[in-house]
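Report on one structure; see the data block that follows.
Numbering of residues begins at 1 and proceeds along the displayed sequence. Note: hydrogens, waters and symmetry copies are ignored here, and every other heavy atom, side chains too, is used.
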Amino acid sequence: MSAFLTLLKREWLESKLPFFWLPVGLFAFIFLIGMMGLAVWGFDGLHMMMTADNEAAEFIYIDNWTNQQLADRLTALRTFIGAPFFMFYAAAAIFVLLGTLFDDRKDRSILFWKSMPVSDYETVASKLVLAVWVAPLVEIAAAVITQIFFLTVISGYVLLQDLGSIGRLWWHSGIVTGTFQLVLGFLIQ
């Protein structure tokens, strides 16, 4: 078992860019875009922009929304935030799995790994386990952290502008069920 864990660690170190740094970079990009929007407009500017007419003023008061409307809007926001993570994961997994055996042959490191007391089955299994089990967990964690970050920013906006109940916003956010659905979706795939 320790040989397989060592192989898994080796694969993680070799595939750290697409499976770890890409989600971190995507989070940083989404974070910067959100912070730039707040720096340019600020909470007051966003409020004035959204309340230019009475219809918009009624729209942003979350207490005017039914529970279903609030849950639907927050689900759409979670989906909008999470989608880039999984598109990048799918592309990264395809390229990592396609290039995994070719890269070992190209740099002749396969000769070193052939001299180790592990079978080809264990080597291929470690590559597959990384791409199918470990990397999706990292992607799910990055997506959920980003969703919680944006929900926190929205909560700050709602609190500062007195637009409704933050507790109601978090209660209908669907973070827990959404995370469960993501994990279940990856297990089914």
From Ile166 CD1 over to Leu151 CG, what is the distance, rounded to the nearest 0.5 angstrom?
-> 9.5 Å
What is the distance from atom CD of Gln147 to atom OG1 of Thr79, rounded to the nearest 0.5 Å?
-> 7.5 Å
Heavy-atom closest contact (Val132 atom, Tyr89 atom, distance) = CA-OH, 4.1 Å
State plainly whether one hydrophobic cluster holds both Leu137 and Leu187, where clusters connect Ile, Leu, Val, Met, Phe, Trp and Tyr through side-chain heavy atoms under 4.5 angstrom apart.
-> no
Any chance you could measure Gln69, atom CD, to Asp72, atom CG, to the nearest 0.5 Å?
-> 8.0 Å
Residues Phe85, Leu26; criterion side-chain contact (heavy atoms from CB on, under 4.5 Å); working and verdict = CA-CA 7 Å; Phe85 286 96; Leu26 192 56; 3.7 Å; yes
Can you see which heavy atom on Ser126 is nearest to which on Glu11, and at what distance?
-> OG-CG, 3.6 Å
Hey, any chance Trp21 and Ile145 share a hydrophobic cluster, counting ILVMFWY side chains that come within less than 4.5 Å of each other, even indirectly?
-> yes
Considering all heavy atoms, the nearest Trp170-Ser155 contact | NE1-OG, 2.6 Å
Cluster link Ile140 to Phe180, ILVMFWY, side chain under 4.5 Å | no
N/O donor-acceptor pair under 3.5 Å between Arg78 side chain and Ser173 backbone | yes
Which word best sums up how the rings of Phe86 and Phe186 line up, parallel for under 30°, tilted for 30 to 60°, or perpendicular for over 60°?
-> tilted
To the nearest 0.5 angstrom, please state how far the CG atom of Leu22 sits from the CZ atom of Phe20.
-> 11.5 Å
Phe95-Val134 co-clustered via ILVMFWY side chain contacts under 4.5 Å = no
Is there a path from Trp133 to Leu128 through hydrophobic residues (I, L, V, M, F, W, Y) whose side chains come within less than 4.5 Å of each other?
-> yes
Which atom names give the shortest non-hydrogen contact between Glu122 and Phe4, and what distance separates them?
-> O-CE1, 3.8 Å
Phe80 and Phe150 aromatic centres sub-6.0 Å | no
Residues Pro18 and Pro23: closest non-hydrogen pair is O-CD, 3.8 Å
Calculate, to the nearest 0.5 Å, the distance between atoms CG and CH2 belonging to Leu70 and Trp171 respectively.
-> 13.0 Å
Between the NZ atom in Lys127 and the CZ atom in Arg10, the distance rounded to the nearest 0.5 Å is 4.5 Å
Exercise: identify the closest heavy-atom pair between Leu169 and Ile154 = CD2-CG2, 3.8 Å
